[in-house]
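In what follows, a structure is listed as structure tokens, so that the remarks can point back to it.
Computed from a prediction, not measured in an experiment: that's the story for all the values here.
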Amino acid sequence: MSTASRKRSRSVTEADIEEPEKSNGDFINLTTHDGQFGSNPVHMNWGAEDPLVRGPVIATVKHGGQRNAIGAHGGGYCIYTALAVAAGGLDPAHIPDLTKTEPTHDFGPFPSWHDAKKIVTIDPWGHMVRNCFEPYFKKGYDIRPTIAVTKAHIDFPEVKDALRTGRLTADGVILKEDGQSLVTKAAIEQVWHLPGVAERFGCTEQVLRQALFRETNMMYPELLTRNDIKLFLPPIGGQTIYMWGDPATIPDENIPLTVRVHDECNGSDVFGSDICTCRPYLAHAIEECIRTAQNGGCGIVVYFRKEGRSLGEVTKYLVYNMRKRAEGGDQASEYFNCTKNVAGVTDTRFQALMPDSLHWLGITKIDNFISMSDMKYDAIVNSGIRIVNRVPIPPELVPKDAQVEILAKVHVGYHGGDAYSVLSEDQLKSVKGRGAQEY
């Protein structure tokens, strides 16, 4: 937040805020209802320019009737919080000490923060709650950050190889002599504004609420009983944004910006599995990010926890087995069919929500988009961000067993540029990966 924003007078004072409820957790409500006695959620005016007018996200167990969000902090990790409480290792009354936890870089506010339709899955003020909602803290409310920003040195083997072979050179600031690179990174937990999410998917809010209720096996009854609560903290992984160079340059369209949006692939990203292009493309993106930062711009990798196209790692491995055991071998022509046969759908990442991270950063133009995905490109451009160049993965970086993946994707619309040709159906059948007996 800018200095001017910090110094502005408070639109809401401590005297304007109700006393927080103090729940000891002894009484458990199976659900609550809209208009029920004792239900008085803190106001939430999503998209308001003033954070105090907008209101804080209240999602802890301490202020039951004043919660304005369904779900719990921490995404899927909230289950481990419950285990810690059950095991006696965590006092459920604990309130985090947030002193000296402020962001290492002040992001925003940007115009996109004040557009209720631009950002629907992130609390844009989530990294500065102590400052923005100070009157609530003074009153005794337990408000948790949903974004944390810090700095780190990244030690990535492929970057060291680029340094050794001369593709990159050390500058001592962005890239050190030992191959480590300096980044600013932001961890983000999802905060969904249900009306906005529903609009992104072209359905009504009620249809979305019912689907979430059913497909989580009725974990969240308040999705149906509390239409007055518009926020949902889903039990899913969030995202981490890695930034090389000065983050202050990101909104400036006159300064080069390189971006990769990367969806998690534990097998490749961490362990180097060669059945896909995930780690090689990630490594190439990091190299391009460093190069852009060294030339005075900024490079960004947004890393989403969307393992196996958000179908999960178990489903992904089942698909691998089907591919490798298929009659005729692991053919590029059957790449997507195998996923659909197992999961019923080829992809559940639904990139319509993805651009929120870019809008949180204030991005309006991307000079170099390190991605071949037509779905990501379309989602970003349709959200109002201009992309100048699309950069495919260099063919020499594609592992032999990943030819099936990359050529199948190009065939259905992934942008291969001049590096890849679109093969016919018959040609795709001749592109085969390692067989089940070749391990």
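No donor-acceptor contact under 3.5 angstrom links the side chains of Arg209 and Thr204, judged on distance only. Counted by atom type alone, Thr60 and His73 present zero donor-acceptor pairs between their side chains at under 3.5 Å. In summary, the side chains of Ser112 and Asp115 do not present any donor paired with an acceptor at a separation below 3.5 Å, with no hydrogens or angles considered.
Residues Glu307 and Asn266 form a side-chain contact, since some pair of their non-hydrogen atoms from C-beta on lies under 4.5 Å apart. Using a 4.5 Å cut-off on side-chain heavy atoms (C-beta onward), Phe369 and Val261 make contact. Side-chain contact between Ile241 and Val301 is absent, with no heavy-atom pair separated by less than 4.5 Å. A 4.5 Å side-chain heavy-atom check between Tyr420 and Ile393 finds at least one atom pair inside the cut-off. Side-chain contact between Lys432 and Asp330 is absent, with no heavy atoms from C-beta onward closer than 4.5 Å. Side-chain contact between Val42 and Tyr136 is present, with at least one heavy-atom pair separated by less than 4.5 Å. In this structure, the side chains of Arg434 and Asp274 come closer than 4.5 Å at one or more pairs of heavy atoms. Counting heavy atoms from C-beta on, the side chains of Trp192 and Leu212 come closer than 4.5 Å.
Between Thr346 and Thr339, the closest heavy-atom pair is O-CG2, 3.6 Å. Taking every heavy atom of both residues into account, Glu177 and Leu163 meet most closely at O-CD2, 3.5 Å. The two atoms that bring Leu428 and Leu407 nearest to each other are CD2-O, 3.8 Å, heavy atoms only. Here the shortest heavy-atom pairing between Ile255 and Gly296 reads CG2-O, 3.4 Å. Listed here is the closest heavy atom pair of Val404 and Val431: CG2-O, 3.9 Å. What you find for Arg386 and Val388 is that their closest heavy atoms are NH1-CG2, 4.0 Å.
Atom NZ of Lys139 has more than 12 heavy atoms from other residues, nucleotides or ligands within 6.0 Å. The environment of Arg167 atom CZ is dense: over 12 non-hydrogen atoms of other residues, nucleotides or ligands sit within 6.0 angstrom. Applying the 6.0 Å contact sphere to NZ of Lys151 captures more than 12 heavy atoms from other residues, nucleotides or ligands. Other residues, nucleotides and ligands contribute over 12 non-hydrogen atoms within 6.0 Å of the NZ atom of Lys365. Other residues, nucleotides and ligands contribute over 12 non-hydrogen atoms within 6.0 Å of the CZ atom of Phe201.
Under a 3.5 Å cut-off, the side chain of Asn341 and the backbone N or O of Asn337 do form a donor-acceptor pair. Looking at Thr292, its side chain never comes within 3.5 Å of a backbone N or O of Gly297 through a donor-acceptor pair. No donor-acceptor pair under 3.5 Å is formed between the side chain of Asn45 and the backbone N or O of Ala48. Put simply, the side chain of Arg309 never gets that close to the backbone of Arg349: no donor and acceptor are under 3.5 Å apart. Checking side-chain atoms of Lys176 against main-chain N and O of Gly172 turns up a donor-acceptor pair under 3.5 Å. When atom types are taken as modelled, the side chain of Asp356 and the backbone of Val120 share a donor-acceptor pair closer than 3.5 angstrom. Under a 3.5 Å cut-off, the side chain of Glu438 and the backbone N or O of Gly435 do form a donor-acceptor pair. Checked by atom type and distance alone, the side chain of Ser430 pairs as donor or acceptor with a backbone atom of Gln427 at under 3.5 Å. Ser268 contributes no side-chain N or O that, together with a main-chain N or O of Cys265, makes up a donor-acceptor pair within less than 3.5 Å. Between the side chain of Ser371 and the backbone N or O of Ser373 there is at least one donor-acceptor pair closer than 3.5 Å.
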Verdict with supporting geometry, Gln66 and Tyr141, side chain to side chain donor-acceptor pair (under 3.5 Å) = CA-CA 10 Å; Gln66 292 163 319; Tyr141 280 84; 3.2 Å; yes
Tell me, with the steps shown, if Ser424 and Asp426 meet side chain to side chain donor-acceptor pair (under 3.5 Å).
-> CA-CA 5 Å; Ser424 67; Asp426 287 339; 5.3 Å; no
Kindly determine whether Leu358 and Ile366 satisfy side chain to side chain contact (heavy atoms under 4.5 Å, CB included), including the steps that lead there.
-> CA-CA 10 Å; Leu358 307 179; Ile366 297 170; 4.2 Å; yes
Evaluate the criterion ring pair (Phe, Tyr, Trp, His ring centres under 6.0 Å) for residue pair Tyr220 and Phe232; output intermediate values, then yes/no.
-> CA-CA 10 Å; Tyr220 299 98; Phe232 178 49; 5.2 Å; yes
Give the intermediate values and the outcome of side chain to side chain contact (heavy atoms under 4.5 Å, CB included) for residues Lys185 and Thr150.
-> CA-CA 6 Å; Lys185 57 182 182 177; Thr150 190; 3.8 Å; yes
Taking it one step at a time, do Ser333 and Gln331 satisfy side chain to side chain donor-acceptor pair (under 3.5 Å)?
-> CA-CA 5 Å; Ser333 58; Gln331 301 176 24; 3.2 Å; yes
Show your reasoning for whether side chain to side chain contact (heavy atoms under 4.5 Å, CB included) applies to Trp113 and Trp125.
-> CA-CA 8 Å; Trp113 292 19; Trp125 307 98; 3.7 Å; yes
Stepwise, does the side chain to side chain donor-acceptor pair (under 3.5 Å) test hold for Gln239 with Glu189?
-> CA-CA 7 Å; Gln239 60 259 41; Glu189 292 180 2; over 6 Å; no
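Salt bridge Glu205/Lys230: present, at least one basic N to carboxylate O contact under 4.0 Å. Under the 4.0 Å criterion applied to side-chain N and carboxylate O atoms, Glu134 and Lys138 are assigned as salt-bridge partners. Between Lys376 and Asp263 there is a salt bridge, since a side-chain N of the basic residue sits under 4.0 Å from a carboxylate O of the acidic one. A salt bridge links Glu158 with Arg279: the distance from a Lys NZ or Arg NE/NH1/NH2 to an Asp or Glu carboxylate oxygen falls below 4.0 Å. The residues Asp178 and Lys160 are annotated as not salt-bridged, no charged nitrogen and carboxylate oxygen being separated by less than 4.0 angstrom.
Ring geometry for His262 against Tyr303 counts as parallel: the plane angle stays under 30°, on a 0 to 90° scale with 60° as the upper cut. Relative ring orientation between Trp360 and His127 is described as perpendicular, the plane-to-plane angle rising above 60° on a 0-90° scale split at 30° and 60°. Using cut-offs of 30° and 60° on the angle between ring planes, the pair Tyr77 and Tyr80 is tilted.
For the side chain to side chain contact (heavy atoms under 4.5 Å, CB included) with Trp244, the lone residue among Thr258, Leu175, Ile286 that qualifies is Ile286.
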